[in-house]
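Indexing begins at 1, ligand by ligand and atom by atom, following the structure's order.
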Amino acid sequence: MRIEPFRMERWQSTYENEVEINLSDSGVSPMTIGELVSEAGVPELMSHRLVYTQSNGTRPLREAIAGLYEGATEANVEATNGGAEANFVAAWTIVQPGDEVVMQIPNYMQLWGMLRGVGAEVKPWKLLPDHEAGDWSSDMDELESLVGPKTKMICLCNPNNPAGSIMDAEALDRVAAIAAKHDAWVLVDEIYHGTEQDGSPTPTMWGRHDKVVITNSFSKTYGLPGLRLGWILAPADTIADCWSQHDYITIGPGSLSNDLGIFALSGEVRARILERTKALLTHNLDLTMSWVDADPHLKAIRPKAGAYLMMEYDHEMSSSELAERLRVEKDLLLVPGDHFGMDGWLRVGYGEDTDLLERGLARIHELLETF
Ligand SMILES: Cc1ncc(COP(=O)(O)O)c(C=O)c1O
């Protein structure tokens, strides 16, 4: 199997730790271990033995994750190395060469490339910007026409990366009904749950259809990408299959990450982390939207969730060229829209510390005003 390059991750992997200002990330500013565990947790951390941990995640971790979803038990959970591995293992386990997959686009393009590499036919289901309505929309009738007897899976990202839009419960039920009609799976990457601007949690797909897979991780909402810890939530027999496929990849997550993940989900700590995320994202989005609104050559649909904003510009330059000029001339990294099939747009991450974000926006402005 040969997978096409994952353009956005190649771009980020190559440059994100080299530039002075990185606004290409889609999560909130990462926490330090000290912020996460506080002084009280240090002795426990010091005595942690770096074992091969239970390879599907320890029972307390799986129970803590299952506790986030109504009706789920630890048998519905497998811990993975980040959301990326969760997506990979789940899709690799379920989708076979020759299957059809319908995928919401734009999206985090991992499954797009990976499933094409597996030999599946991946059909885009468009999520379109509507500046007048101030939201993104997709056509359910179009989905209905794309899904058929050969469809193995429908892939969504909700809240969506890069749009920052949210599918509500009614829309999810409609997708579930379309999938049920053709006995197809629905995989929903819910990694941005908990980043909603209005504070009301995005409805989960879990429980709406028998064949549902949810993927998620600690990387975005929790500000802990360095843990490389994520999870798959699925029916118990599918989780057992995923676990056995996982043996061939990374075996299991790191033991320290496993235990820090349990810590992050414990009631009081989780509440504290989510509060930090909300405060940062609310403040930073207001600031970023005001900055966009002040430039007549830019426009953006105010995201409902996520830690990034898609911004359309009217300069005569491709988004890759513009992003490259910002990198070379301003030592700053953004994601060009054409990595999502949306040339003429840029994705700006606003989850960083506010002073870094402000400096970054000022640098983008410096370049744009020379056009
Ligand atoms: C929608 C989505 N899923 C998965 C991932 C990968 O997550 P992780 O860093 O937890 O592997 C990302 C990272 O940007 C993402 O945006």
Looking only at distance, does [X] have an N or O less than 3.5 Å from an N or O of ligand 1?
| X | value |
| --- | --- |
| Met8 | no |
| Asn161 | yes |
| Ser219 | yes |

Distance flag, aromatic centroids of [Y] and [X], threshold under 6.0 Å:
| X | Y | result |
| --- | --- | --- |
| Trp112 | Phe6 | no |
| His297 | Tyr313 | no |
| Trp345 | His315 | no |

Using 4.0 Å as the upper bound for N to carboxylate O, is an ion pair formed by [Y] and [X]?
| X | Y | value |
| --- | --- | --- |
| Glu20 | Lys330 | no |
| Lys304 | Asp198 | no |
| Arg174 | Glu144 | yes |
| Asp286 | Arg302 | yes |
| Glu275 | Arg272 | no |

Minimum-distance protein heavy atom relative to [atom]:
| atom | value |
| --- | --- |
| atom 7 (O) of ligand 1 | Ile191 CD1, 3.4 Å |
| atom 16 (O) of ligand 1 | Tyr192 OH, 2.6 Å |
| atom 9 (O) of ligand 1 | Arg228 NH1, 3.0 Å |
| atom 5 (C) of ligand 1 | Tyr108 CE2, 3.4 Å |
| atom 13 (C) of ligand 1 | Lys220 NZ, 2.9 Å |
| atom 3 (N) of ligand 1 | Asp189 OD2, 2.6 Å |

Any atoms of ligand 1 less than 4.0 Å from a non-hydrogen atom of [X]? List them with their elements.
| X | answer |
| --- | --- |
| Ser217 | 10 (O) |
| Gly83 | 7 (O), 8 (P), 10 (O), 11 (O) |
| Gly82 | 10 (O), 11 (O) |

So is [X] close enough to ligand 1, meaning a heavy atom under 4.0 angstrom away?
| X | result |
| --- | --- |
| Gly230 | no |
| Cys157 | yes |
| Gln110 | no |

- Query: What do we get for Glu85 next to ligand 1 when only non-hydrogen atoms under 4.0 Å count, side chain, backbone, both or neither?
  - Reply: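 Neither; nothing of Glu85 gets under 4.0 Å from ligand 1.
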- Query: At under 4.0 Å between heavy atoms, which part of Phe218 makes contact with ligand 1: side chain, backbone, both or neither?
  - Reply: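 Answer for Phe218: neither.
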- Message: For Lys126, I'd like to know if atom NZ has over 12 heavy atoms of other residues, nucleotides or ligands within 6.0 Å.
- Response: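 12 or below, so no.
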- Message: Please check if the number of heavy atoms outside Glu329 that lie under 6.0 Å from its CD is greater than 12.
- Response: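 Yes - once you tally the heavy atoms of other residues, nucleotides and ligands closer than 6.0 Å, there are more than 12.
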- In terms of ring plane angle, is the pair Tyr192 and Tyr308 parallel, tilted or perpendicular, where the classes change at 30° and 60°?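 Ring orientation of Tyr192 relative to Tyr308: perpendicular.
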